[in-house]
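Let me begin by presenting the structure, written as structure tokens, before commenting on it.
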Amino acid sequence: MQADWPNNYKMGRRRLVSILDKMIALDLFKTMLSMLSVIVVIIVSQKFVRILDKAVDGQISDETLLTILEFKTLVVATGLLPAAAFMAVLMVLGRMYRDHEMSAIASAGGGLLAIYRAVFLLMIPVSVVSIALSLVAAPWAEARIAQITHHDEESADLRGIAAKKFSEYSQGDLVFYVENIDENKKLHKIFVQHRQNGKLAIITADEGRLQDLADGRYIVMEKGERVQGFPGELNYVIESFNEYAVRIDERTTALNLNLQAMATVALWQSIMPRDVAELQRRISVPLSLLCFVFLAVPLAQIAPRGGAYGNLLVAFLIYFIYGNLAKVSQSWVIKNLVPAWFGGYWLYGAMLVLGIVLLIRLYGWQWFLLKAKGKVI
């Protein structure tokens, strides 16, 4: 028996991205951004307290605080992206189980692969973005933080100039005091003690300013008096001036970048165990993201009556154990206790095995056998 189809009938093809895929992916994206924002704000706030302590001590200038905060936020967000994706999948799928949306999807023929398809439709592009963040953006941000901090530490003495405060420079050879600083950064009632070539000079001036010249920064004093001589002797030179400048020497130190700030290309070319471990840590961001997402799908179905947040405790324990094992593996690689390939990637194989065990626990061996034969969706 043949069906009598209309002449203008055309067989429809399945859409590349279905309505279900869009719905789940959009919900996951919104939830992941929300979770990432909350976690990053909490962690960055704790780290920013340490930065503020350095600013109070004068090690970091006030002008660079927000810049350092922006770079630090980028670094922290990169490391917490797998955790945010993990929690987002658990919350979204958990809510769908609670609201019986999964039952409706199953009755319409949507099985496990349909859920994984919708989840990875978003998470695969996110993992690609995490590769760029972890291998390029985060090391660049760490290097910029190190450069800014190093520059501020070199110029910390110059920022120490404040009203009614003695400031010491050049290892005590220059002592500076100012009575008042107005809104235009003009210095008033200046006192300077300057030791040079064994001679001691006392300089007083009514006004002055800080000025950057080609060879350094100077205190330029106006309308003052200079008394110079050797301490203990009565032979002094007293002179008046309209303008007199004293150079303030800045501290010069070497810039040492830590492992987190090294370029990924340099780590890739290195055979040092510590460099190899750092490279594996960066690669772990996209790998752990995909593994956590794979785990989250069966985890969300373990206790459907527990609500959207019923499995977050289990997820937290898994993430906590993963974080500790990752640090242990990194120390193994650094100490050459295990081969680098094993120490860096065995943990992700274990996570995949755990995910398969969870799926078997939910569906049983028979379901997998039927799935392999194509008898179930």
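In this chain, residues are counted from 1 in sequence order.
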Listed pairs under 3.5 Å, donor-acceptor, residues 276-287 side chains, sequence neighbours left out:
unit_1: Glu278; atom_1: OE1; unit_2: Arg281; atom_2: NE; d: 3.1
unit_1: Glu278; atom_1: OE2; unit_2: Arg281; atom_2: NE; d: 3.3
unit_1: Glu278; atom_1: OE2; unit_2: Arg281; atom_2: NH2; d: 2.7
unit_1: Glu278; atom_1: OE2; unit_2: Arg282; atom_2: NE; d: 3.0
unit_1: Gln280; atom_1: NE2; unit_2: Ala340; atom_2: O; d: 2.7
unit_1: Arg282; atom_1: NH1; unit_2: Met262; atom_2: O; d: 2.9
unit_1: Arg282; atom_1: NH1; unit_2: Thr264; atom_2: OG1; d: 2.9
unit_1: Arg282; atom_1: NH2; unit_2: Leu259; atom_2: O; d: 2.9
unit_1: Arg282; atom_1: NH2; unit_2: Gln260; atom_2: O; d: 3.3
unit_1: Arg282; atom_1: NH2; unit_2: Met262; atom_2: O; d: 2.7
unit_1: Ser284; atom_1: OG; unit_2: Arg281; atom_2: O; d: 2.4

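Annotation: the span from Leu69 atom CG to Leu74 atom CG amounts to 11.5 Å, rounded to 0.5 Å. Taking CZ of Phe29 as the reference point, atom CG of Leu121 lies at 12.5 Å (rounded to 0.5 Å). With rounding to the nearest 0.5 angstrom, the CZ atom of Arg144 is 10.0 Å from the CD1 atom of Ile68. Separation of atoms OG1 (Thr204) and CE (Met221) is listed at 9.0 Å; rounding is to 0.5 Å. Separation of atoms CD1 (Ile190) and CD (Glu222) is listed at 8.0 Å; rounding is to 0.5 Å. Note that CD of Glu243 and NZ of Lys223 are 11.5 Å apart. Values are rounded to the nearest 0.5 Å.
Here Leu26 pairs with Lys30 under the side chain to side chain contact (heavy atoms under 4.5 Å, CB included) rule; sequence neighbours left out. A search for ring pair (Phe, Tyr, Trp, His ring centres under 6.0 Å) contacts involving Tyr345 returns nothing, not counting sequence neighbours. Every residue meeting the side chain to side chain contact (heavy atoms under 4.5 Å, CB included) condition with Val293, not counting sequence neighbours, appears here in chain and number order: Ala85, Val89, Val119, Phe120, Met123, Leu289. With sequence neighbours excluded, the residues forming a side chain to side chain contact (heavy atoms under 4.5 Å, CB included) with Ala77 are Val40, listed by chain and number. Residues satisfying the side chain to side chain donor-acceptor pair (under 3.5 Å) test with Tyr348, not counting sequence neighbours, are Tyr322. Qualifying side chain to side chain donor-acceptor pair (under 3.5 Å) partners for Arg274, counting only residues two or more places apart in sequence or in other chains: none. Remark: Glu239 pairs with Arg226 by the side chain to side chain donor-acceptor pair (under 3.5 Å) rule, at least two apart or across chains. Partners of Ser329 according to the side chain to side chain contact (heavy atoms under 4.5 Å, CB included) rule, which considers only residues two or more places apart in sequence or in another chain, are Trp332, Trp346.
For the residue pair Ala25 and Leu122, the shortest heavy atom distance occurs at O-CD2, 3.5 Å. The nearest pair of heavy atoms linking Met351 to Ser288 is CE-O, 4.5 Å. Nearest heavy atoms, Lys72 versus Val44: O-CG2, 4.4 Å. Contact between Asp27 and Arg95 at its shortest, heavy atoms only, is OD2-NH2, 2.6 Å. Gly355 and Pro298 make their closest contact through O-CG, 4.2 Å (heavy atoms, listed as atom of the first residue, atom of the second, distance). Contact record, Leu90 with Ala296: CD2-O, 3.6 Å, taken as the closest heavy-atom pair.
Grouping the Ile, Leu, Val, Met, Phe, Trp and Tyr side chains by contacts below 4.5 angstrom, directly or via other members, places Ile42 apart from Val76. Trp341 and Leu347 end up in the same hydrophobic cluster when Ile, Leu, Val, Met, Phe, Trp and Tyr side chains are linked at under 4.5 Å. Under a hydrophobic-cluster definition in which Ile, Leu, Val, Met, Phe, Trp and Tyr are linked whenever side-chain heavy atoms come within less than 4.5 Å, directly or via other members, Ile356 and Leu295 are assigned to the same cluster. Note: the hydrophobic cluster containing Val38 does not contain Val126 (ILVMFWY, side chain heavy atoms under 4.5 Å, direct or indirect links). Met91 and Phe316 are members of different hydrophobic clusters when ILVMFWY side chains are connected at heavy-atom separations under 4.5 Å.
The backbone N or O of Phe320 lies less than 3.5 Å from a partner atom in the side chain of Asn324, making a donor-acceptor pair. The main-chain N or O of Ile124 is found under 3.5 Å from a side-chain atom of Ser127 such that the two form a donor-acceptor pair. Panel note: side chain Thr31, backbone Leu28; no donor-acceptor pair is recorded below 3.5 Å.
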Next item on the list: Run the numbers on Val41 and Ser45 for side-chain contact (heavy atoms from CB on, under 4.5 Å), then give the verdict.
Entry: CA-CA 6 Å; Val41 167; Ser45 298; 4.0 Å; yes
Next item on the list: Given side-chain contact (heavy atoms from CB on, under 4.5 Å), test Leu135 with Trp268 step by step and report yes or no.
Entry: CA-CA 11 Å; Leu135 298 184; Trp268 186 272; over 6 Å; no
Next item on the list: Take Phe342 and Val333, measure what side-chain contact (heavy atoms from CB on, under 4.5 Å) needs, and give me the verdict at the end.
Entry: CA-CA 9 Å; Phe342 177 80; Val333 174; over 6 Å; no
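Ring geometry, Phe241 versus Tyr244: the interplanar angle falls from 30° to 60°, so the pair is classed tilted.
Think of Val353 as one node in a network of Ile, Leu, Val, Met, Phe, Trp and Tyr side chains linked at under 4.5 Å; its network also takes in Val357.
At a threshold of 4.5 Å between non-hydrogen side-chain atoms, the residues Leu299 and Ile318 count as touching.
Applying the ring pair (Phe, Tyr, Trp, His ring centres under 6.0 Å) test to pairs two or more places apart or on separate chains, those with a residue in residues 66-93 are Phe71-Trp140, Phe86-Phe292. The list of salt bridge (Lys or Arg N to Asp or Glu O under 4.0 Å) pairs with a residue in residues 78-94, not counting sequence neighbours, is empty.
In this structure, Leu317 places its CG atom where more than 12 heavy-atom neighbours from other residues, nucleotides or ligands lie under 6.0 Å away.
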